[in-house]
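Reviewing the structure listed below.
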Amino acid sequence: MTDFLALAQPGVQQLSPYVPGKPVDELARELDLDPASIVKLASNENPLGPSPKALEAIRGELAELTRYPDGNGFELKSRLAARCGVQINQVTLGNGSNDILDLVARAYLAPGLNAVFSQYAFAVYPISTQAVGAQGKVVPAQDHGHDLEAMLAAIDANTRVVFIANPNNPTGTWFGPDALERFLARVPGNVLVVLDEAYIEFAEGDELPDGLKYLARYDNLLVSRTFSKAYGLAALRVGYALSSAQIADVLNRVRQPFNVNSLALAAACAALDDADYLAQSRQLNDAGMAQLEAGLRELGLSWIPSKGNFIAVDFGRDTAAINQALLRAGVIVRPVAGYGMPNFLRVSIGLPAENARFLEALAKVLSA
Ligand SMILES: *Cc1c(COP(=O)(O)O)cnc(C)c1O
């Protein structure tokens with residue numbers, strides 16, 4: 001038999017597949033549990049359920065399912081451009097923001113070139129990089145967060161892309177406006193900085209920089225955002241990038257013609273207009289974060305302070321057994337051993353009752 005793994009390009013051979021959070025139905029099947037009794041806090045999903053306005057918009061599109069979607073995503077791009085203070089030709093739509101990361105890699109990376117990203121950074125950066133045969137240069141983290149100075153130092157003549165996430169997943173770590181400013185000012189102009197702001201809508205005040213503010217000054221900056229988290233539309237797969245018009249033009253050349261489907265386009269437009277939903281998402285997240293932190297403190301546990309909708313809990317020892325015990329109790333959280341953090345579990349912020357279920361189950365597991 002031919003070894004088709006050996007025939008895959010070397011970067012792909014060295015990849016491990018992305019491991020998603022365990023689906024509720026899968027755990028229900030495995031342990032013969034009632035799916036309704038299971039709490040999933042594993043994929044940084046919005047616990048609110050989708051915006052009613054998004055659902056209504058989807059219903060309005062159903063009769064048109066025989067047609068291809070608008071391949072240009074005109075309506076959504078127009079609204080995003082207006083919202084973000086850019087021109088419509090600076091917006092690129094993606095099938096989730098993961099698609100945007102892939103478009104960047106396909107357009108700008110190749111064998112012999114490299115992308116710089118941090119240790120503990122989002123798992124899709126190495127996947128997108130290696131999938132096109134480029135090298136990922138992993139820079140050791142500092143207190144689990146990005147060491148932007150060390151990342152600058154890692155940039156070499158073959159670097160075409162730097163991926164930075166603010167806040168980062170799975171750590172929840174973040175950097176402030178001054179750090180971003182210093183970083184952008186020193187990155188060579190021919191290196192594309194991908195600032196992944198998947199969780200930016202959860203941030204309040206000015207602790208985190210708004211990447212959009214730097215677009216006018218840095219034409220090597222691309223800001224990626226998503227409807228999967230604060231906007232609660234993870235299943236629909238809609239993300240977007242804001243960049244110079246030229247970079248958007250390049251990404252558009254490699255993009256699949258209909259990468260965002262019509263239901264997703266309609267729902268995203270509606271979600272963008274639902275300010276109440278976004279405010280509620282934030283509020284729920286703030287309250288849930290406080291609830292989890294208080295509960296963890298009571299259990300004597302520590303965690304990495306987070307500005308996302310999740311928190312990485314430090315158990316000070318391997319968490320595989322703890323994770324298994326939580327699963328048996330019907331609570332799904334996310335092991336992050338694959339990120340090199342075997343002593344941590346990442347817990348997404350849920351509804352108050354879900355957070356309480358997790359804390360109760362955890363207390364039992366730890367005292368068993
Ligand atoms: C969740 C997440 C994304 C968004 O993924 P989508 O493809 O938009 O669902 C992007 N970056 C990071 C760091 C994330 O955690």
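Atoms within a ligand are numbered from 1 in the order they appear, just like the ligands themselves. Keep in mind that what you see is a predicted model, and the values were worked out from it rather than measured.
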Backbone or side chain, does any N or O of [X] fall under 3.5 Å from an N or O of ligand 1?
{"X": "Thr226", "result": "yes"}
{"X": "Asn95", "result": "no"}
{"X": "Asp99", "result": "no"}
{"X": "Asn44", "result": "no"}

task: Ignoring hydrogens and angles, tell me if any N or O in the side chain of Glu197 forms a donor-acceptor pair with the backbone of Ala165 under 3.5 Å.
output: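 Side chain of Glu197 to backbone of Ala165: no pair is present.
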message: Checking the side chain of Gln130 only, and the main-chain atoms of Gly11 only, is there a donor and an acceptor separated by less than 3.5 Å?
response: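 Between the backbone of Gly11 and the side chain of Gln130 there is a qualifying donor-acceptor contact (under 3.5 Å).
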To which protein heavy atom is [atom] closest, and what is the distance rounded to 0.1 Å?
{"atom": "atom 1 (C) of ligand 1", "value": "Lys229 NZ, 1.2 Å"}
{"atom": "atom 9 (O) of ligand 1", "value": "Ser228 OG, 2.6 Å"}
{"atom": "atom 4 (C) of ligand 1", "value": "Ser97 OG, 3.1 Å"}
{"atom": "atom 7 (O) of ligand 1", "value": "Arg237 NH2, 2.6 Å"}

Considering the heavy atoms of [X], write down every atom of ligand 1 situated less than 4.0 Å from one of them.
{"X": "Ala198", "value": "2 (C), 3 (C), 10 (C), 11 (N), 12 (C), 14 (C)"}
{"X": "Gly96", "value": "6 (P), 7 (O), 8 (O)"}
{"X": "Asn169", "value": "13 (C), 14 (C), 15 (O)"}

- request: Can you establish whether the number of heavy atoms outside Glu26 located under 6.0 Å from its atom CD is more than 12?
  value: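 More than 12 heavy atoms, drawn from other residues, nucleotides or ligands, come within 6.0 Å of this atom.
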message: For the aromatic rings, using the six-membered ring if either is Trp, is the centroid distance between Phe344 and His144 under 6.0 Å?
response: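 Centroid separation for Phe344 and His144: below 6.0 Å.
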task: Give a yes or no on whether the ring-centroid distance for Tyr339 and Tyr120 is below 6.0 angstrom.
output: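 No, the ring of Tyr339 stays outside the 6.0 Å limit from the ring of Tyr120, centre to centre.
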- prompt: What part of Asp196, side chain, backbone, both or neither, has a heavy atom within less than 4.0 angstrom of ligand 1?
  reply: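 Side chain only.
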- request: With heavy atoms only and a cut-off of under 4.0 Å, state how Phe227 meets ligand 1: side chain, backbone, both or neither.
  value: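 Answer for Phe227: neither.
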field: Passing option when Lys137 is tested against Thr159, Thr129, Asp156 for side chain to side chain donor-acceptor pair (under 3.5 Å)
entry: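 The residue from Thr159, Thr129, Asp156 that satisfies side chain to side chain donor-acceptor pair (under 3.5 Å) with Lys137 turns out to be Asp156.
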message: Determine whether Glu204 and Lys307 satisfy the following criterion, salt bridge (Lys or Arg N to Asp or Glu O under 4.0 Å), listing intermediate values before the conclusion.
response: CA-CA 9 Å; Glu204 271 159 310; Lys307 292 284 183 203; over 6 Å; no
- prompt: Does a donor on one side chain and an acceptor on the other come within less than 3.5 Å for Arg237 and Asn259?
  reply: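 No donor-acceptor contact under 3.5 Å links the two side chains.
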task: Report the C-alpha separation of Glu354 and Lys40 in whole Å, then their side-chain angles, then the decisive distance to 0.1 Å, and conclude whether the salt bridge (Lys or Arg N to Asp or Glu O under 4.0 Å) test is met.
output: CA-CA 8 Å; Glu354 295 175 321; Lys40 183 185 177 206; over 6 Å; no
